[in-house]
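Take a look at the structure set out below.
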Amino acid sequence: MNFTRIYKKWEDILGTPFVKYGALVSRYPWHVLIACVTINSLLGLGLIWVKTETDTETLYTPQNSQSKADRATVQSIFTEDKSGTNFYGKSLTEENMYADVILRSKDGSNILTTKYVDEVERIYNFIKDNISITSNYSTLFLENICALRRGKCVVDGDIVFSTAFRTAMASNTIDYPLFDFEYLSALFGDAQSSGGYLTSAKMVRLYIFLRQDTVTAVEWSTAWEERLIEVLGSFSSPLMDIAYKTSGSLDTELDKNVNGDVLLFALTFTMMLTYAGIATSGGDCVSDRQNLGRAGVFATCFAILGAFGLVSLTGVDFVTIVGTLPFLIIGIGLDDMFILMSCLADCSSKSSIEEKIKETLRTGGVAITITSVTDFLAFAIGASASFISVRNFCIYAGVAVIFCYLNQLAIFVPCMVINERRVNRNNHCGTCRPIKPRKELRAEGKSVCYTFCCGGQPPRNRKDNESPLEKYPKRLFQFLVKNPLAKVGIIIMFIAYIAATVYGIMNFKRGLLLSYLVTKDSYFYTHSKLQEDHFTTEITIGFTITETLNYSDVTTQNQISDLFSDAVTDDDINPSIRSNWLADYKSSLFYSNVSEARFITGLKAFLILRTDHANDVVFNDNETNIVGARFFVFTKNLPESAQQGNIMLRMREVAYNSPLPVVCFSWPFVFFDEYASVFQITLTTVGVAIAAMFVVTIVFMPHPLLVACVTVTMVMICAGMFGFMYYWDLTLSAITMIDIVMSIGFSVDFSAHICHAYITVEGTTRKDRVHNALNRSGGPIINAALSSIMGIFILAFSSSYIFRSFFKLMFLVMVFGLGHALLLLPVIFSWVGPVTEETPSSADNEVRIQTISGPVDNQINANGSTPRKLQNGDKAGSMEDHSHDKAEPDMDKNGTYQPVELHSVSMTLDNSLSTNGHIATHL
């Protein structure tokens with residue numbers, strides 16, 4: 001089966017709507033242009049109602065995750081907030097309001113000395129006595145706002161002010177990690193111990209818990225947090241560096257990021273305007289297309305305005321990473337622009353404007369449709385992800401891609417028509433005033449400067465239209481894919497690429513550190529880096545029994561004991577630390593299991609004494625049964641995200657295997673679910689997207705080899721993204737997942753362009769078709785890649801990890817896409833690329849020419865020249881192309897093309913004449 005013929009017929013069908021649209025816009029360019037600009041501008045007003053979402057849990061944790069379901073179960077049993085009466089951190093079901101202060105010696109020395117402990121206490125007293133808020137004409141200090149236990153503020157770390165600690169410090173006998181019933185391991189940074197004693201530490205942490213048990217308490221705590229940030233921002237200590245954050249800091253700093261890089265976009269917009277002008281400059285003062293290139297940038301900017309406004313109107317919240325989209329969409333728009341301009345340059349200079357635009361859209365319209373559909377589908381599939389940050393980004397991006405595509409057709413194409421009208425009138429590209437050709441100006445004796453700046457004529461061929469950036473870079477690739485040694489080098493390079501990719505995939509990491517979400521100049525970043533790099537991460541894990549049980553029954557007690565035994569056998573669980581109210585109750589004088597009633601009576605008396613267990617048991621209304629209870633184990637230091645996600649999964653397995661009705665939950669699990677699920681979610685999303693791209697490729701390019709090439713290339717690029725994240729120190733998270741999903745669409749773009757060009761260009765051998773395909777698409781692909789890289793390059797200097805990681809992965813996909821499209825695929829096509837059945841006859845030295853209708857005696861003059869008018873079927877590569885420079889037919893005063901010598905066409909007329917006297921096309 002001749003798939004090439006089927007492909008061309010199918011492309012003609014796909015191109016028909018574009019031909020009809022080309023005819024319409026050629027006649028009414030201003031109407032279409034004004035209408036599209038107006039619609040985009042009106043939709044852009046929707047930005048007035050844009051809402052921003054900055055809540056970390058909402059954005060960067062999976063929706064409908066098991067941890068959130070388990071939290072809801074636990075909260076349905078333990079409904080009372082005890083932060084105003086009997087606060088214990090282990091009982092939290094979500095992060096409490098707090099202020100976290102890290103104090104570090106300025107010279108890095110050991111802080112376990114009286115001098116430093118006195119300074120720590122002085123700083124704490126300053127916070128306690130000087131940071132206040134006003135409410136209802138009353139001044140409120142920390143003691144009015146802090147979480148309470150036994151009537152005192154709960155501050156992890158205040159044990160260092162106690163007499164017992166100071167005494168032990170003086171004698172170097174500070175028990176570690178448990179001192180006076182408090183765990184010190186999470187309180188001291190860079191702690192060193194020996195023989196069960198704490199010997200040195202360079203930092204200490206004061207973790208101040210705040211009340212949140214009433215609406216008023218939440219308001220007070222929020223205001224006090226804001227006041228603390230304001231005061232500590234200007235406070236200093238002569239001995240210690242101070243780092244700080246509060247429970248609201250991350251959301252506040254994320255909100256700043258939304259508008260923090262507006263200047264970067266302004267710089268990018270200016271750079272893209274400049275680059276578009278340079279990349280499209282060429283020819284003379286008439287054929288120069290700089291302004292047309294700039295129009296492509298403005299078309300993309302209007303697309304961003306309209307898309308963002310429309311999505312905002314629908315109520316989709318703006319998230320921080322959406323701020324990277326303008327840098328991306330400009331690159332996409334210029335990609336489409338360069339393709340359309342390349343197709344226009346391929347059109348015959350003798351065709352009418354309408355015929356040029358119709359032919360441009362017939363080929364270029366299909367080409368940009370393929371890439372726009374693949375980009376949109378990648379984002380549409382990404383919008384189904386369970387991360388709100390990914391979902392909202394993909395919604396904004398998908399709509400922006402559609403608007404960018406539509407604007408290229410409804411803004412840029414009309415601008416092409418307007419520009420072609422100017423060219424036909426021989427008007428200057430800058431002043432739009434009529435000018436003369438440079439040849440005439442030189443004949444009139446005009447100066448060289450005047451002739452260069454004020455002379456020109458319409459382009460006669462593709463070379464007259466191309467800028468240096470379009471002409472020369474593609475020649476390098478044409479040379480490489482033609483040279484046998486270079487081909488071998490290309491294959492070796494891609495083998496090395498695959499090897500590096502596999503190694504990177506085997507070593508890359510998962511997880512998202514909170515410090516990554518803010519800029520490096522943020523106080524939150526300073527604190528988070530100290531916390532991540534110098535303090536241990538130990539997690540409290542609760543097992544909650546969710547049904548009413550008879551706890552006096554020995555079977556129930558044994559099952560609880562077995563649950564603990566199974567949990568503490570895990571290597572990452574600290575076997576010496578646990579919180580088990582049942583075990584402590586059984587060892588007390590209050591214990592009785594004669595009956596359930598006696599058991600509960602004794603337990604209530606026990607809980608009055610042991611308030612640390614009081615929050616872990618819930619009685620029914622009559623206090624005759626226990627309707628819910630929880631027990632806790634504690635992990636060892638687990639600094640890695642993978643370790644944290646894995647311990648969550650293993651403890652869930654322990655709960656699942658228990659005969660008890662129990663769920664395993666800790667409030668950090670909400671974030672650990674991201675670590676545990678992001679890899680699976682990403683692979684699923686990528687897999688579905690690749691399958692969708694495969695179907696789209698079949699629809700738009702129904703040729704088995706092309707479909708295989710595009711699909712394999714797409715998989716190689718996506719794998720490269722995963723692998724090379726390792727080399728650039730990036731982890732897989734909800735943020736980088738966005739970039740990977742986005743890369744799926746872009747991994748298709750360049751490959752689709754070169755495949756589409758290869759199958760549609762003229763050429764009777766694979767070598768010729770590869771050369772011509774690079775001639776048509778090489779320049780646009782190179783310029784599209786360079787413009788996209790330039791569009792995101794400024795993000796490399798952003799202070800935001802989100803923007804920097806976006807730059808790194810987009811840079812990778814552009815470089816990989818460029819290499820696969822202009823090196824690997826041309827080499828493959830030069831070996832096994834599809835070719836048509838039409839081949840020249842070497843015996844007769846004939847060449848393939850277009851069929852010319854009419855009697856032979858009216859077509860061939862005695863001197864061997866042919867007076868001919870351009871036929872509708874003429875294309876680049878037909879007989880007209882053999883005489884661009886020496887034999888371009890000129891039009892006389894009557895509008896008839898004058899004879900042109902056929903220097904490069906030889907034929908045997910007796911084999912060329914059909915029975916009706918016409919010249920037949922040789923196949």
Side-chain angles (χ1 to χ4, degrees), residues 89-90 98-128 153-209 232 235-245 513-515 523-540 571-578 634-640 643-644:
K90 65 183 174 65
Y98 66 86
D100 188 358
V101 181
I102 294 177
L103 303 172
R104 176 177 59 175
S105 58
K106 287 184 178 294
D107 58 2
S109 59
N110 181 16
I111 63 169
L112 299 179
T113 64
T114 301
K115 177 179 69 171
Y116 284 112
V117 170
D118 287 344
E119 181 65 7
V120 171
E121 186 171 13
R122 185 186 75 83
I123 294 172
Y124 172 69
N125 288 333
F126 174 84
I127 294 173
K128 183 179 65 172
C153 287
V154 180
V155 180
D156 285 353
D158 62 352
I159 192 173
V160 300
F161 314 142
S162 66
T163 301
F165 185 88
R166 287 177 177 271
T167 300
M169 181 177 67
S171 60
N172 295 320
T173 56
I174 304 172
D175 293 327
Y176 188 84
L178 183 65
F179 177 84
D180 198 19
F181 301 104
E182 290 199 32
Y183 299 103
L184 304 183
S185 53
L187 298 181
F188 290 96
D190 292 338
Q192 301 291 327
S193 63
S194 177
Y197 296 115
L198 180 66
T199 57
S200 69
K202 296 181 180 179
M203 306 173 202
V204 65
R205 188 176 184 184
L206 299 176
Y207 204 98
I208 305 168
F209 292 97
L232 291 188
F235 179 81
S236 62
S237 163
L239 298 177
M240 310 192 82
D241 293 323
I242 304 175
Y244 50 89
K245 71 175 181 180
L513 297 176
L514 295 182
S515 60
Y523 68 87
F524 182 89
Y525 178 86
T526 302
H527 181 283
S528 296
K529 287 299 293 180
L530 290 176
Q531 177 185 333
E532 292 162 4
D533 297 341
H534 303 282
F535 287 82
T536 61
T537 302
E538 298 160 352
I539 302 141
T540 303
D571 291 339
D572 288 332
I573 296 296
N574 191 334
S576 61
I577 307 174
R578 67 186 70 181
F634 301 84
T635 72
K636 300 175 183 177
N637 180 32
L638 301 177
E640 298 292 333
Q643 294 175 305
Q644 296 164 5

Rounded to the nearest 0.5 angstrom, the OG1-CD distance for Thr114 and Glu121 is 11.5 Å
Please step through side-chain contact (heavy atoms from CB on, under 4.5 Å) for the pair Phe165 and Leu112, ending with a clear verdict.
CA-CA 10 Å; Phe165 185 88; Leu112 299 179; 4.1 Å; yes
Smallest separation among heavy atoms of Met240 and Ser237, with atom names:
N-OG, 3.2 Å
Could you pull out every donor-acceptor pair under 3.5 Å between side chains of residues 202-209 and any protein atom, sequence neighbours left out?
unit_1 : atom_1 : unit_2 : atom_2 : d
Arg205 : NE     : Asp100 : OD1    : 3.1
Arg205 : NE     : Asp100 : OD2    : 2.9
Arg205 : NH2    : Asp100 : OD2    : 2.7
Arg205 : NH2    : Gln531 : OE1    : 3.4

pair Glu119-Pro238: side-chain heavy atoms closer than 4.5 Å:
yes
If every non-hydrogen atom of Leu530 is compared with every non-hydrogen atom of Ala243, which pair is closest and at what distance?
CD1-CB, 3.7 Å
Would you tabulate the side-chain donor-acceptor contacts of residues 181-197 under 3.5 Å, counting partners in other chains and residues two or more places apart, or write 'none'?
unit_1 : atom_1 : unit_2 : atom_2 : d
Ser185 : OG     : Glu538 : OE1    : 2.6
Ser185 : OG     : Glu538 : OE2    : 2.8
Asp190 : OD1    : His534 : ND1    : 3.1
Asp190 : OD2    : His534 : ND1    : 3.0

Thr635 pairs by side-chain contact (heavy atoms from CB on, under 4.5 Å) with which of Thr537, Thr536, Ile573?
Ile573
Any chance you could measure Ile127, atom CD1, to Arg122, atom CZ, to the nearest 0.5 Å?
10.5 Å
Listed by chain and number, what are the side-chain hydrogen bond (donor to acceptor under 3.5 Å, both in side chains) partners of Asp572, not counting sequence neighbours?
Arg650
Got a second to check how far Tyr116's OH is from Leu103's CG, nearest 0.5 Å?
12.0 Å
Between Lys245 and Thr526 (side chain of the first, backbone of the second, donor and acceptor by atom type, cut-off under 3.5 Å), is there such a pair?
no
Within the 4.5 Å heavy-atom criterion, are Tyr124 and Val101 side-chain neighbours or not?
no
Those residues that, when tested against Asn574, pass side-chain hydrogen bond (donor to acceptor under 3.5 Å, both in side chains) (two or more places apart):
Ser576
side-chain hydrogen bond (donor to acceptor under 3.5 Å, both in side chains) against Glu640, all qualifying residues, sequence neighbours excluded
none
Just do the side-chain contact (heavy atoms from CB on, under 4.5 Å) check on Leu232 and Tyr523 with the steps written out, would you?
CA-CA 10 Å; Leu232 291 188; Tyr523 68 87; over 6 Å; no
Crowded around Asp107 CG? As in, over 12 foreign heavy atoms under 6.0 Å?
yes
Within the structure provided, determine whether Leu198 and Phe179 are in side-chain contact (heavy-atom separation under 4.5 Å).
no
OG1 of Thr163 to CZ of Arg166, rounded to nearest 0.5 Å, is 8.0 Å
Which value, rounded to the nearest 0.5 Å, describes the distance between Ile102 atom CD1 and Ile242 atom CD1?
12.0 Å
Only counting residues at least two apart or in another chain, list the ones meeting side-chain hydrogen bond (donor to acceptor under 3.5 Å, both in side chains) with Asp241.
Lys106
Mark yes or no for whether Ser162, through its side chain, and Asp158, through its backbone, hold a donor-acceptor pair below 3.5 Å.
no
Working to the nearest 0.5 Å, report the span between CD1 of Ile111 and CG of Leu239.
11.5 Å
